[in-house]
Amino acid sequence: MSRKIRTLTLKEKEKQALIDHRDHDPRPYVRERCSAILKIAEGHSAHWVAHNGLLKARNPDTVYDWLNMYEAEKLAGLEKHQQGGPRRRRL
């Protein structure tokens, strides 16, 4: 059984928006996700990006989830789905 590598083709405007958010967004999770999407668009597999393309290794399923969010909702999908659960209140 052969696996199909998922690819992503970005329009120039989409690429520039991702670069801008990767370089300037105040939210670290948005910067990381934009970086991952840009690397997938450059031709790397999501699996490779998860293990080699980010500052911290991620589960490949996580990077595929980011790709799914981007394909469904573009940049808005990467911004609105913050990781982690609700924060515990401190007394």
Side-chain angles (χ1 to χ4, degrees):
M1 178 170 94
S2 68
R3 291 184 166 186
K4 183 178 181 244
I5 295 177
R6 290 179 61 190
T7 59
L8 179 66
T9 303
L10 297 173
K11 296 176 185 168
E12 189 59 32
K13 192 174 185 178
E14 294 170 330
K15 181 179 177 181
Q16 287 305 316
L18 286 167
I19 290 170
D20 184 54
H21 282 270
R22 178 198 65 192
D23 294 345
H24 304 291
D25 197 287
R27 298 162 291 187
Y29 73 94
V30 173
R31 294 192 308 264
E32 179 181 36
R33 292 171 184 188
C34 289
S35 178
I37 297 301
L38 286 164
K39 288 179 183 184
I40 292 168
E42 290 172 358
H44 296 288
S45 71
H47 189 272
W48 182 90
V49 172
H51 290 289
N52 304 297
L54 302 171
L55 291 175
K56 178 181 175 185
R58 298 287 181 185
N59 184 320
D61 290 337
T62 300
V63 178
Y64 281 109
D65 287 344
W66 297 344
L67 180 56
N68 292 338
M69 288 186 291
Y70 185 79
E71 289 177 330
E73 304 175 59
K74 301 297 179 202
L75 190 56
L78 299 179
E79 292 177 319
K80 73 179 183 180
H81 297 285
Q82 185 175 3
Q83 77 273 19
R87 306 273 183 221
R88 291 185 180 199
R89 290 185 163 183
R90 294 184 180 179
L91 295 177

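Source: prediction; values computed, not measured. Excluded from the calculations below are hydrogen atoms, water molecules and symmetry mates; all remaining heavy atoms, backbone and side chain alike, are included.
Ile40 and Tyr29 are members of different hydrophobic clusters when ILVMFWY side chains are connected at heavy-atom separations under 4.5 Å. Grouping the Ile, Leu, Val, Met, Phe, Trp and Tyr side chains by contacts below 4.5 angstrom, directly or via other members, places Val63 with Leu10. In the hydrophobic clustering of ILVMFWY residues, with side-chain heavy atoms under 4.5 Å counting as a link, Leu78 and Leu54 come out together.
Here the CD1-NE2 distance, from Ile19 to His24, works out to 10.0 Å after rounding to the nearest 0.5 Å. To the nearest 0.5 Å, atom NZ of residue Lys15 and atom CG of residue Asp20 are 14.0 Å apart. The CZ atom of Arg58 sits 12.0 Å away from atom CG of Asp65, with the distance rounded to the nearest 0.5 Å. Considering NE2 of His44 and CD of Glu42, their distance stands at 5.5 Å, rounded to 0.5 Å. One distance of note links NE2 of His21 with CD1 of Ile37; it measures 13.5 Å at 0.5 Å rounding. Atom CG of residue Leu38 and atom CD of residue Glu14 lie 11.0 Å apart, to the nearest 0.5 angstrom.
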Distance-only donor-acceptor pairs under 3.5 Å for side chains of residues 66-76, two or more places apart:
unit_1 : atom_1 : unit_2 : atom_2 : d
Asn68  : OD1    : Arg6   : NH1    : 2.9
Asn68  : OD1    : Arg6   : NH2    : 2.8
Asn68  : ND2    : Tyr64  : O      : 3.3
Glu71  : OE1    : Arg6   : NH2    : 2.5
Glu73  : OE1    : Lys80  : NZ     : 2.7
Glu73  : OE2    : His81  : NE2    : 3.4

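Residue Ile5 places its CD1 atom among 12 or fewer non-hydrogen atoms of other residues, nucleotides or ligands, all under 6.0 Å distant.
Across every non-hydrogen atom of Ala50 and Pro60, the tightest pair is CB-CA, 3.6 Å.
Two residues are said to be in side-chain contact when any heavy atoms from C-beta on lie closer than 4.5 Å; Arg31 and Cys34 fail this criterion.
Between Glu79 and Arg27, at least one side-chain N (NZ, or NE/NH1/NH2) sits under 4.0 Å from a carboxylate O, which counts as a salt bridge.
Looking at Lys39, its side chain does come within 3.5 Å of a backbone N or O of Gly53 through a donor-acceptor pair.
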